[in-house]
There are 2 protein chains.
Amino acid sequence: MQPLFSFLEAVNDLPDEAKALILAKTRIKHYPKGHLLFREGQVCHYMYFMASGLARIFHCKEDKEVIDWLATAGHPFTAIDSFYSRQPSRYTIEILENSEVYAFLYDDLEELYHQFHAFERIGRLITQEQFLILQERIDMVQFQNAQQRYETFLKRFPNIQNRLQLTHIASYLGISLETLSRIRAKY
Amino acid sequence: MQPLFSFLEAVNDLPDEAKALILAKTRIKHYPKGHLLFREGQVCHYMYFMASGLARIFHCKEDKEVIDWLATAGHPFTAIDSFYSRQPSRYTIEILENSEVYAFLYDDLEELYHQFHAFERIGRLITQEQFLILQERIDMVQFQNAQQRYETFLKRFPNIQNRLQLTHIASYLGISLETLSRIRAKY
DNA sequence: CGCCGAGTTGAACTGAATCAAGAAACGTGG
DNA sequence: CCACGTTTCTTGATTCAGTTCAACTCGGCG
């Protein structure tokens with residue numbers, strides 16, 4: 001549980017009672033590489049936290065898979081279009097490496113938000129950070145060419161290149177597999 | 001103040017004391033078309049709310065202006081990269097029509113967040129909604145061609161076409177002025 | 001050894017940018 | 001109310017980054 005608490009308390013302090021409730025509500029699971037944590041079309045009932053490992057969140061766009069988000073160790077993730085809206089999701093979540101994942105039921109998270117102002121505050125601040133990450137991503141997709149996107153990617157995920165196959169990197173960057181291959185050919 | 005309270009209470013109820021404090025902290029201003037509400041390079045100290053009118057939030061990318069956000073009546077806006085981080089902003093905010101704007105000082109907003117759990121909750125939920133709007137925008141920029149983007153734009157801002165010049169629409173859509181003109185030529 | 005998925009390389013194609021020039025709309029001053 | 005200049009918008013020709021399609025290479029594994 002260390003990684004979760006250090007993630008949360010880097011944002012804002014939490015009272016001990018809140019930590020105790022978080023502890024009581026956490027569901028710790030291990031998933032093997034290739035496992036589908038969540039499938040499109042369903043309502044996602046969990047907010048996840050990646051304790052260790054790697055996952056991809058993708059959706060299908062005209063028979064192609066498009067990766068929207070990479071879940072790396074120490075960060076939260078979910079099917080964001082579904083979890084809060086309680087509507088069916090377009091996303092699928094696939095575990096890419098044997099991973100340790102914490103899961104929090106929607107109702108439990110709501111209880112935490114409700115009971116602890118400090119937790120609600122952390123929720124707001126985390127969402128704000130993720131908003132800024134998305135803003136950067138828009139900038140990338142809208143104005144950077146293929147080469148620049150790859151460089152941005154390497155900076156943002158320095159230790160991930162050899163853990164992801166080219167298809168996935170290309171999909172995350174919004175460029176074709178061939179273009180990415182050509183870019184890497186010139187180091 | 002009607003539009004602000006109805007915006008906030010559509011998200012979550014607020015206790016009367018919170019409303020009273022909001023009222024006390026609101027700074028109501030009127031700005032003429034063309035007024036620069038905020039300039040890049042400074043720290044933005046205000047969260048704004050557009051009571052009526054229109055504004056654009058843009059930044060400069062290699063001597064060109066890129067519109068990131070349109071502030072329409074009934075919605076909040078600010079230099080989002082600066083307001084919460086307290087760092088200098090890349091954005092400039094220009095009033096596009098004579099507008100009525102409410103402004104909230106950073107410290108006042110923090111006080112509201114701090115004093116009222118309900119307000120903190122509203123802040124979180126609004127941020128979440130804006131996150132989803134950005135996610136849609138990524139989808140637009142990454143996968144829609146020029147024509148589809150224009151159609152998306154018309155759907156999202158149905159009453160705005162004739163209030164914005166083509167240059168601004170093109171900039172918001174991330175396409176060139178000429179391409180947009182050609183698209184409109186075929187109705 | 002041969003198959004299969006992943007990655008590379010080549011050639012042709014394309015949507016949209018850019019460059020360029022002209023038309024329309026707009027507003028300001030005489 | 002018109003003349004002129006400026007800004008906004010349209011239209012055409014050219015160019016380019018990246019996609020698509022296709023063939024080939026490489027490495028691992030039954």
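Numbered from 1 within each chain, the chains take letters A, B, ... in sequence-line order. All of these numbers come straight from a predicted model, not from anything done at the bench.
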### Message
So, does Ser176(B) get its side chain near the phosphate of dA16(C), meaning an N or O under 4.0 Å from OP1 or OP2?
### Response
no

### Query
Got a sec, which pairs hit salt bridge (Lys or Arg N to Asp or Glu O under 4.0 Å) with one end in residues 125-145 of chain B, sequence neighbours left out?
Lys61(A)-Asp139(B), Arg90(A)-Asp139(B)

### Task
Answer yes or no: is there an ion pair linking Glu94(A) with Arg56(A), defined by an N-O contact shorter than 4.0 Å?
yes

### Message
Test of understanding: with side chain to side chain donor-acceptor pair (under 3.5 Å), list the residues that count as partners of Lys29(B), not counting sequence neighbours.
### Response
none

#### Entry: Contact under 4.0 Å: Lys64(B) side-chain N or O vs dA17(C) OP1/OP2
no

### dT8(C) OP1/OP2 closer than 4.0 Å to side-chain N/O of Lys186(A)
no

### Rounded distance (Å) that lies between atom P of dT18(C) and atom CD of Glu62(B)
10 Å

#### Entry: Residue pairs, two or more places apart or on separate chains, that pass salt bridge (Lys or Arg N to Asp or Glu O under 4.0 Å) and touch residues 165-184 of chain A
none

### Interface residues of residues 140-175 of chain A with DNA chain C (non-hydrogen, below 4.0 angstrom)
Gln165(A), Leu166(A), Thr167(A)

### Message
Just checking Arg163(A): does its CZ atom have more than 12 heavy atoms from other residues, nucleotides or ligands closer to it than 6.0 angstrom?
### Response
yes

### Message
To the closest 0.5 Å, what do you measure between CD (Glu110(B)) and NE2 (His114(B))?
### Response
8.5 Å

### Query
Starting at CG of Leu177(B) and ending at P of dT18(C), how long is that distance when rounded to a whole Å?
11 Å

#### Entry: Atom pair distance, as rounded to whole Å: CD in Glu178(B) and P in dT14(D)
16 Å

Using nucleotides 28-30 of chain D, report all nitrogen or oxygen pairs with the protein that are shorter than 3.5 Å.
none

## Note on the structure
Angle separating the five-pair end axes of the helix from dC1(C)-dG30(D) to dG30(C)-dC1(D), nearest 10°, is 30°

### Message
Once you measure the plane-to-plane angle for Phe7(B) and His75(B), does it fall in the parallel (<30°), tilted (30-60°) or perpendicular (>60°) bin?
### Response
perpendicular

### Query
What about the rings of Tyr46(A) and Phe83(A), do their centers lie closer together than 6.0 Å?
no

### Query
Below 4.0 angstrom from OP1 or OP2 of dA16(C), is there any side-chain N or O of Thr179(B)?
no

### Distance-minimising heavy-atom pair for Tyr172(B) and Asp68(B)
CE1-O, 4.0 Å

### Task
Using atom CG of Leu180(A) as one end and atom P of dA17(D) as the other, report the distance to the nearest whole Å.
17 Å

### Message
Tell me if the aromatic rings of Phe131(A) and Phe131(B) count as close, with their centers under 6.0 Å from one another.
### Response
no

### Summary
CG of Leu125(A) to CD of Gln130(A), rounded to nearest 0.5 Å, is 11.5 Å

## Note on the structure
Arg182(A) has its side chain closest, among dT11(D), dT8(C), dG10(C), to dG10(C)

